[in-house]
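Data block below; observations after.
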Amino acid sequence: MDTIDALHKSPAKLAVPMDALAFSFDRKVGDMTITPLTDGYLDPDFKFLRDIPDENVQLLLKLGHRDGPPRASVNAYAVRAGERIFLIDTGSGNTMGPTCGRLFESLEAAGIAPADVEAIMLTHVHPDHSNGLIDLATNTRLFPNAEILLHEKELAHWFDDDEMAAADERAQHRYFEMGRRQLTPYVEAGRVRTFNEGEILPGILAVPCHGHTPGHTAYQIGTGPGAILVWGDTVHVQEVQLPFPDVTVIFDWNPVDAATSRRRIIEKVVAEGLTVAGAHLHFPGFGNIARNGPGYALVQQPELLKM
Ligand SMILES: [Zn+2]
């Protein structure tokens, strides 16, 4: 006992440093570091997937050793470039039940203060991506120094009264009203910037992939092999939509365009040897993609130990 106590008191004497087994999910691209941030997970009903019979979904999940409803991680990503800190998506705030809402704990664990975030790139305005923008009790910005970047069609869509009137009641409330509420404090502060495509921050490219929403956008960190494409909701359920990319979800604004964009983005990833970072791939959401028959498969990458 004495010896162990002494070792704890002088950790320098330990053969193995105490932090040797600390895991890092960080990825480097050039001089940028990408940190995955979990907000939690969702277990949506089978019916959330379209264009495939329930029993086929069940079979695919069983093949993926998942006995139950599909599970979707909810991931955001931080990008550190020198002293600059950017976020891609903000999680769900406290709006999506007890399995979500952990983004701010993840930020703290990563050593990132919300006030230090300079820009937030939104893949799209849906509750699991943008409801972490404000404090709903006070309608104030949780990222007081951040500029919000999103596709011009995305901002226009959610603030379009005709589009809102044409939507069903659930979408009106959960998407339109909440999206406006989350964004308005940033709009009023002059802290929203829209784009079409191309380089929106140094070394970061916007890659529009519309369909899931009108302005759904992936963000490419760096260029060439080793670059990371943060692809948002290109895939919701990896066990199903990678082997069968034409499967859509009930939340797709335009399911045909969503499926077309999915195939185009996946083919880009395969052709260019990119690493993907998926908002709903199992945490930390990184991998490569390989063609597999008429569909695709995720190729896991080794995680890194902090040594
Ligand atoms: Zn989503």
Side-chain angles (χ1 to χ4, degrees), residues 36-51 57 69-78 87-103 106 120-133 148-151 153-155 157-158 167 170-171 173-183 206-219 229-242 245 247-255 257-259 261-262 265-266 276-287 298:
L37 304 162
T38 180
D39 189 60
Y41 65 89
L42 294 165
D43 286 344
D45 189 271
F46 287 106
K47 303 279 180 213
F48 132 98
L49 291 157
R50 282 198 295 211
D51 310 312
V57 172
R71 174 158 293 180
S73 284
V74 180
N75 308 325
Y77 294 88
L87 282 192
I88 299 176
D89 291 338
T90 66
S92 58
N94 56 1
T95 66
M96 296 191 78
T99 63
C100 283
R102 313 299 292 267
L103 182 91
S106 294
I120 297 171
M121 295 163 265
L122 294 175
T123 59
H124 62 301
V125 179
H126 266 176
D128 49 325
H129 301 262
S130 54
N131 277 7
L133 284 170
I148 309 302
L149 284 83
L150 77 171
H151 195 278
K153 286 186 182 165
E154 191 71 7
L155 186 67
H157 174 73
W158 299 113
R170 182 179 180 280
H173 174 64
R174 282 180 65 79
Y175 295 168
F176 283 87
E177 284 176 9
M178 185 56 95
R180 291 179 185 197
R181 202 170 156 194
Q182 293 287 336
L183 285 166
V207 183
C209 39
H210 306 164
H212 178 53
T213 63
H216 185 260
T217 299
Y219 296 99
L229 188 70
V230 183
W231 75 9
D233 282 14
T234 295
V235 167
H236 289 87
V237 180
Q238 65 187 63
E239 294 88 348
V240 177
Q241 288 174 300
L242 283 170
V247 173
T248 62
V249 300
I250 57 172
F251 309 120
D252 285 333
W253 165 72
N254 181 326
D257 287 358
S261 282
R262 178 162 36 257
I265 289 292
I266 293 176
V276 297
H280 299 304
L281 300 181
H282 299 311
F283 186 83
F286 292 120
L298 187 73

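Atoms within each ligand, like the ligands themselves, are counted from 1 in listed order. Remember, predicted model here, so these are calculated numbers, not experimental data.
Atom OD2 is the N/O/S atom of D233 found closest to the Zn ion (ligand 1). Minimum-distance N/O/S atom of D128 relative to the Zn ion (ligand 1): OD2.
Contact check on D39 versus R102 returns no salt bridge, with no Lys/Arg side-chain nitrogen under 4.0 Å from an Asp/Glu carboxylate oxygen.
Considering only residues two or more places apart in sequence or on other chains, F46 meets the ring pair (Phe, Tyr, Trp, His ring centres under 6.0 Å) condition with none of them. For H210, the ring pair (Phe, Tyr, Trp, His ring centres under 6.0 Å) criterion is met by H151, not counting sequence neighbours.
When all heavy atoms are compared, the tightest approach of T90 to G132 is OG1-N, 3.2 Å.
Among the atoms of H280, an N, O or S atom falls under 2.8 Å from the Zn ion (ligand 1). Using a cut-off of 2.8 Å, one finds that H129 contributes an N/O/S atom close to the Zn ion (ligand 1).
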